[in-house]
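As a basis for the values below, the full set of heavy atoms in this structure was taken, side chains included, without hydrogen atoms, waters or symmetry mates.
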Amino acid sequence: MKIATAQQMRDMDRVAIQERGIPSVQLMERAAQSVANAALELAVAHRTGEGPGRAVCFCGAGNNGGDGVCTARLLLEAGLEVRCILVGKREKMTPDCREMERRLEAAGGVVEDFDPNSSEFALWCLEADVMVDALFGIGLNTQLRGNALVAVQMMNTCDIPVVAVDIASGVEADTGAVLGDAVKADVTVTFSLPKVGQFLGEGGLRTGTLKVADIGIPLDLILWAEENQLSSVTREDVYLPRRPRDAHKGDFGRVYILGGSVGFSGAPVLAARAALRTGAGLVTVGVPAPVWPVAAAKLDEAMPHPLPAGKEGMLSLEAMEPAMAHLSACDVALIGPGLGRGNSAASVVRHLIRTCHKPLILDADGINALEGHMDILEERKGLITVLTPHDGEFARLGGDLTGGDRLAAARSFAARYQCCLILKGYRTITALPDGQAYVNTTGNPGMSKGGSGDVLGGMLLALMGQGFRVREAAPMAVWMHGRAGDLAAAELGEYGMLPGDLVERIPRVLRECEGRRS
């Protein structure tokens, strides 16, 4: 699903209203109907006593507030007791907001001025069944203050379900940054297309369940906005073609994993098992000689082999030549899981990155080996390179997250080094060199355990080995990885699940995606 920026949405609205002649109040009515439907669902679920139910609509003076005033009227007409509260100055009400006030008054309602010191109103709010946040829309770019901040804090402390109109107030639409404070919505009803801030940053945590409503913007304008180079990854975007009946193991990739060290033997094993479960045809695993007996005992279906090691149990410089021979014979390689950060191992990694022209995936210590040697990555421009850092590893590579905009940082890095960057974390971002980026929608905190990243590396390795282009394989692998985690959490709980549980659920994920497209 495509994700829109605030400016794109403003442009869509302007063209629809000014050039296509669609009345703005008509769009507002349709938007409010979607919000009212969501509010009624929450009110019914929350209501425990007798009577019609109560709703509080906090409205700003702009058109987002107009949506809220219109919602208040629709809820009133549906039989709820409604209080519509204006948080702002009446003289700043937009014409559409004033028109919605007129319609509310005609229906028997009223727009009240917000009194933050009213104990009567505070007690009334505590008895409400649903609240509607219509304070600010996608244009907010300054810190919340004054009565607006008080209203947000009231919504967050009353323990009443909240429906946000278009975006939770206080969330910056293009970054997900929280501007001082923001509404913690249970449901957000957004219009036409989802917004960046509903996925990224803390804004993704304030959005709740996201519902995208059609308010009557012409389809060609929505498709025009969809040319934006940012998408969320959902089940519909992930597919696996059915395998030919006459296929053999060579058709599904010869892949290579270089990893492991004494004390970290599990990382390459997890990656190899994940690659096998994701359908790789032939999986070869190079590990330091002291680790080889462990890997050989655990990997029946893969082909582990020993490489020269030093006293620390990490790769020695003598591992360069045999590792390069295996790299040359594979279709794609994963370098890094559990390698350790010894000088010799890092030197081997840098040599292989510099001299191997095959597609490479760098994870963990494969990434750490580049610290202070980013010129090696620049030398690979024109070749396929995928990096899978978490925020700490990204910072060691020079990635700048100080501004809080992970999307911009990931895009900048991918463009500069002409690589594919998978920036792991909540709502993992996949950024491509041409500016295209994907935001993942699967995964859970139970995956926050050592080894989960190794599983992702193995899954990506398998997909690339089977011929998927990087722009397909990377967001697909991230989605499937998170989906496997969600299946594990549903069955085992987030506390008790292990990275190995993700591996065991990969086949179920593949079954869900198989044959979606030919």
Side-chain angles (χ1 to χ4, degrees), residues 229-234 237-241 251-258 271 274-275 278-281 283 327 330-337 352-353 356-364 366-367 370 374 376-390 393-394 397 399 406-407 409-424 428-442 453-483 506 509-510 513 516-517:
Q229 290 184 299
L230 180 64
S231 302
S232 63
V233 185
T234 62
D237 302 309
V238 181
Y239 71 96
L240 293 171
D251 293 331
F252 303 117
R254 293 174 171 83
V255 302
Y256 186 59
I257 298 169
L258 180 66
T278 312
V283 179
L327 277 174
C330 74
D331 299 311
V332 57
L334 169 64
I335 298 177
L352 296 177
I353 295 172
C356 179
H357 290 180
K358 295 292 182 72
L360 296 181
I361 302 166
L362 304 180
D363 182 41
I367 294 171
L370 290 174
M374 296 302 289
I376 299 174
L377 193 57
E378 291 180 327
E379 292 171 9
R380 282 189 60 85
K381 290 180 179 178
L383 302 174
I384 297 174
T385 311
V386 184
L387 284 76
T388 63
H390 54 61
E393 292 165 340
F394 184 60
L397 296 181
R406 298 179 81 243
L407 175 61
R411 277 176 157 163
S412 175
F413 187 96
R416 176 179 177 182
Y417 293 105
Q418 290 296 288
C419 65
C420 172
L421 180 77
I422 298 176
L423 184 56
K424 296 184 293 192
T428 292
I429 296 169
T430 300
L432 298 170
D434 61 2
Q436 180 67 47
Y438 300 88
V439 180
N440 192 46
T441 57
T442 57
D454 303 314
V455 176
L456 173 60
M459 296 177 74
L460 176 57
L461 178 71
L463 291 178
M464 290 176 62
Q466 291 170 77
F468 285 93
R469 297 181 304 163
V470 172
R471 66 177 54 250
E472 299 169 328
M476 283 175 59
V478 173
W479 185 91
M480 291 193 293
H481 178 250
R483 174 62 178 156
I506 290 173
V509 176
L510 303 186
C513 304
R516 290 186 175 274
R517 302 179 191 175

Could you report the tightest heavy-atom contact between [X] and [Y], atom names first, then the distance?
| X | Y | answer |
| --- | --- | --- |
| Ala431 | Ala414 | O-CB, 3.6 Å |
| Gly457 | Ile361 | O-CD1, 4.4 Å |
| Leu432 | Cys420 | CD2-SG, 3.8 Å |
| Tyr438 | Leu230 | N-CD1, 4.3 Å |
| Trp479 | Thr442 | O-OG1, 3.0 Å |
| Val283 | Ala275 | CG2-CB, 4.2 Å |

To the nearest 0.5 Å, what is the distance between [atom1] on [X] and [atom2] on [Y]?
| X | Y | atom1 | atom2 | value |
| --- | --- | --- | --- | --- |
| Lys424 | Leu456 | NZ | CG | 6.0 Å |
| Leu387 | Ile422 | CG | CD1 | 9.0 Å |
| Arg416 | Glu378 | CZ | CD | 5.5 Å |
| Phe394 | Arg406 | CZ | CZ | 8.5 Å |
| Met480 | Asn440 | CE | CG | 11.0 Å |
| Leu461 | Asp454 | CG | CG | 12.0 Å |

Check: For Arg254, does the CZ atom sit with more than 12 other heavy atoms under 6.0 Å from it, leaving out its own atoms?
Finding: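 No, not enclosed.
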Check: Between Arg380 (side chain) and Cys356 (backbone), is there a donor-acceptor pair under 3.5 Å?
Finding: yes
Next item on the list: Indicate yes or no for a side-chain donor-acceptor contact from Lys358 to the backbone of Ala333 under 3.5 Å, with no hydrogens or angles considered.
Entry: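 Judged by distance alone, no pair lies under 3.5 Å.
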Check: Hey, are the side chains of Leu377 and Ile353 touching, using non-hydrogen atoms and a 4.5 Å cut-off?
Finding: no
Notebook entry, point to check: Within a strict 4.5 Å, meaning less than it, do heavy atoms of the His481 and Val455 side chains meet?
Noted result: yes
Note to self: Please evaluate residues Arg471 and Asp434 with respect to the criterion side-chain contact (heavy atoms from CB on, under 4.5 Å), reporting the C-alpha separation (whole Å), side-chain torsions for both, the decisive distance (0.1 Å), and the verdict.
What the structure shows: CA-CA 10 Å; Arg471 66 177 54 250; Asp434 61 2; 2.8 Å; yes
Next item on the list: Scan Leu370, Val386, Thr388, Leu334 and name whichever one has a side-chain contact (heavy atoms from CB on, under 4.5 Å) with Leu362.
Entry: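 So the option named by the test is Leu370.
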Margin query: Among Leu360, Asp331, Ile384, exactly one meets side-chain contact (heavy atoms from CB on, under 4.5 Å) together with Met464. Which residue is that?
Written below: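 Answer to the side-chain contact (heavy atoms from CB on, under 4.5 Å) test with Met464 among Leu360, Asp331, Ile384: Ile384.
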